[in-house]
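Values below: every heavy atom of this structure, side chains too, minus hydrogens, waters and symmetry copies.
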2 protein chains.
Amino acid sequence: MSNINDVARLAQVSKATVSRVLSGSRGVKEESRQAVLRAAEILNYKPNAIAQSLSSQSTNCIGVICATEHIQQSTGYLQALEKQLSRHRKHLLLRFANDDKSLMHAVEELSNGMCDALVVVGARFPLPELPEEIVLIDCLNPSSGNSVQCDRIFAAETAVHYLCSQQRRNIALVNFPGGEAATLTMDGYRQALHNYVVPFNRQLVVENEPSLRIALQKLINSGVKFTALLVTNDSQAQEAVMMLNQYQLSVPEKVMVFSLDGSTRLPGASTIPAIEYPLENIARRAVELLLGERHNSDVVRGSLLIA
Amino acid sequence: MSNINDVARLAQVSKATVSRVLSGSRGVKEESRQAVLRAAEILNYKPNAIAQSLSSQSTNCIGVICATEHIQQSTGYLQALEKQLSRHRKHLLLRFANDDKSLMHAVEELSNGMCDALVVVGARFPLPELPEEIVLIDCLNPSSGNSVQCDRIFAAETAVHYLCSQQRRNIALVNFPGGEAATLTMDGYRQALHNYVVPFNRQLVVENEPSLRIALQKLINSGVKFTALLVTNDSQAQEAVMMLNQYQLSVPEKVMVFSLDGSTRLPGASTIPAIEYPLENIARRAVELLLGERHNSDVVRGSLLIA
DNA sequence: CTGTTAGCGCATTCAT
DNA sequence: ATGAATGCGCTAACAG
């Protein structure tokens, strides 16, 4: 690879002039300018990004740590993020993590000057203590300052409204395993029930079970009657549908399943109603936070998506 | 952030000694060694990756350009790749691309010294001319030297064998849109039919249609009878199942759908039989190619996956 | 064993 | 308008 010296020599100017021409700064005689551009063209010269980074004290890399548990969801975020980042000429350094330990590990490995900022996406486990400046997207627990979250209250409310409008008033909920998201979802759920004058039945809510399978099992075993089931995302919904069918609880005839996050539906989508979040918006806001254009938390509303 | 000078000063040694301790570490008096480690600990010092890269002329970044068209598939590769790369202390710089133009663009943007190597994953479109050293994973057209490909012949053969064993002998095929993958798939398909003494019927094969929807439409309209349908991946399969059901061609009773690549099934998996590829192996081989441990093409066999 | 020095490629003063 | 010099943080060659 040719470097700035090669170009300078060929163009018969100094390194400084080459740098000036290619970095946009004006105050260069048109003649030298052309000479530099020609030389660069001939040598197929690209300024070395690493040297630029060292000099400017800023790589243009953003570290993105993506939770693996709900990959289908996270992938949508990845795409949306990459799109926004590349619009800002930023690069996306990717890492996966499936628990607090590996997350922490990833954060440390990316904290050696290689990245200008970090994002954590879709972590559904309790987050460890993280550096304040990390941006959280759709994580359970906004322990850090900067975050973009989904409006869980609104989602749960909307879901309940929809189900009630479908004459399903015995609505079960398999909630998040904890964190603020769980609390907010519960709030929305209760609030909406209240609006419809449906009594709240504690037995219809399952929380803190290790898997949907177990949670749903517990719900069914309890013998409580339900005509609808709220779950936190599409993959849970898929699993729920299969299980319910096995138990002769046909979907949607006997039980209507509702996904509280169907943001990244597959092409051959299911007919399960869901709340869909605007991934582009979320990514855009996240990038704004990253680039320091704003500093606070940000809540995004999804919209009802029915077949 | 503290730098090597801070550590040297605090440890009362020179930069070189600090570097020695934290890098190769041999030939340093135990006493200085401890002093350096202590100082580094106190200052929470991490060697600056960018400076290291500039000095060593090698970032530890691998650029991965991921085709977006079949994201569900690609995501599996992404995870597997990241895992293998991090085992080798390499970082994954992610880019998405959906056609030859954006692919080329991505390649250029990553060719400024920021990456040590590049990978393209899952490109289902004809590839443009690319630098020879790029590694291709599961792409249609191995125009470049280094690539890891799926054994399409074997996949198609295996699929046909399975379907014949299920008494389905009228097997339709919606093939890849072109490239070597299409040819090989066709080869395997014909070979297996030949083995089972099933005559080859050109009408059963649809190629070069813009979407599965259209391809399948064409197949159905042609009036040709088929009791099985080979498609190239799970998302195509999903769509096919929906369409077939709409046309009263119930799956799997009337038509059995078979996915030639079901590598990244969702949790609530479907019951569609498929060929599954060992993503870990593929990623491992790709990384070997990347790190220059080998130089050639590599073909990986999948295995039959039935519910 | 260890300190000094010279790059790595570039951007940015500071003179001219 | 432009060239020479300096520094970004680190590693490696060389000289003690």
Side-chain angles (χ1 to χ4, degrees), chain A residues 1-40 42-61 89 91 109-116, chain B residues 1-40 42-61 89 91 109-116:
Chain A
M1 238 355 211
S2 56
N3 64 24
I4 199 172
N5 287 308
D6 302 327
V7 178
R9 201 175 315 122
L10 181 56
Q12 314 252 42
V13 297
S14 72
K15 304 195 308 183
T17 300
V18 175
S19 177
R20 279 190 267 260
V21 171
L22 273 58
S23 303
S25 60
R26 305 169 300 290
V28 178
K29 202 199 308 172
E30 182 58 20
E31 188 182 321
S32 344
R33 199 182 131 69
Q34 291 303 331
V36 168
L37 291 178
R38 225 176 311 126
I42 293 173
L43 297 175
N44 188 28
Y45 167 72
K46 313 254 180 241
N48 184 295
I50 297 299
Q52 286 182 316
S53 295
L54 183 58
S55 180
S56 70
Q57 295 290 76
S58 108
T59 74
N60 283 306
C61 288
R89 324 230 55 164
H91 296 282
E109 292 213 353
L110 293 178
S111 301
N112 53 6
M114 170 167 303
C115 298
D116 292 339
Chain B
M1 230 7 202
S2 56
N3 64 23
I4 198 172
N5 287 307
D6 301 328
V7 178
R9 199 175 316 123
L10 181 56
Q12 314 254 41
V13 297
S14 71
K15 301 194 311 184
T17 299
V18 175
S19 176
R20 278 191 271 260
V21 171
L22 273 53
S23 304
S25 230
R26 44 160 199 285
V28 178
K29 201 201 305 174
E30 184 59 19
E31 187 181 322
S32 334
R33 198 182 131 71
Q34 291 304 331
V36 168
L37 291 178
R38 228 177 307 125
I42 292 173
L43 297 175
N44 186 29
Y45 168 70
K46 313 256 179 238
N48 183 295
I50 296 299
Q52 286 182 318
S53 294
L54 183 58
S55 180
S56 68
Q57 295 291 75
S58 105
T59 74
N60 282 306
C61 289
R89 322 231 57 163
H91 296 283
E109 292 212 355
L110 294 178
S111 300
N112 53 5
M114 171 167 304
C115 297
D116 292 340

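- Listed for the A/Ser23 side chain is a donor-acceptor partner under 3.5 Å among the backbone atoms of A/Ser19.
- A distance-only check finds no donor-acceptor pair linking the side chain of A/Ser55 to the backbone of A/Ala51 [under 3.5 Å].
- Remark: P of C/dG3 and CZ of B/Arg9 are 14 Å apart, rounded to the nearest angstrom.
- Around CD of A/Glu30, the count of heavy atoms belonging to other residues, nucleotides or ligands within 6.0 Å exceeds 12.
- Among the candidates B/Lys46, B/His91, B/Arg89, the single residue satisfying the side-chain hydrogen bond (donor to acceptor under 3.5 Å, both in side chains) test with A/Glu109 is B/Arg89.
- Among all heavy-atom pairs drawn from A/Lys15 and A/Asn5, the shortest one is CD-OD1, 2.8 Å.
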* Taking protein heavy atoms under 4.0 Å as touching, what does nucleotides 4-11 of chain C look like 5' to 3' if B marks base contact, S marks sugar-phosphate-only contact and - marks none? -> B--BBBBB

* Could you go through the side-chain contact (heavy atoms from CB on, under 4.5 Å) check for B/Thr17 and B/Arg20 one step at a time? => CA-CA 5 Å; B/Thr17 299; B/Arg20 278 191 271 260; 4.0 Å; yes

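- You can see that DNA chain D meets the heavy atoms of chain A within a 4.0 Å-exclusive cut from D/dA1 to D/dG9, reading 5' to 3'.
- Without hydrogens or angle criteria, A/Asn3 side chain to A/Asp6 main chain gives a donor-acceptor distance under 3.5 Å.
- Each end of the helix from C/dC1-D/dG16 to C/dT16-D/dA1 yields a helix axis from five base pairs, and these two axes differ in direction by 50° (to the nearest 10 degrees).
- Annotation: the span from A/Ser58 atom OG to A/Gln52 atom CD amounts to 9.5 Å, rounded to 0.5 Å.
- As judged by a 4.0 angstrom heavy-atom cut-off over every strand, A/Ser32 is placed among residues touching the sugar-phosphate backbone only.
- For the side-chain contact (heavy atoms from CB on, under 4.5 Å) with B/Val36, the lone residue among B/Leu22, B/Val28, B/Leu10 that qualifies is B/Leu22.
- Atom OG of residue A/Ser2 and atom CD1 of residue A/Ile42 lie 11.0 Å apart, to the nearest 0.5 angstrom.
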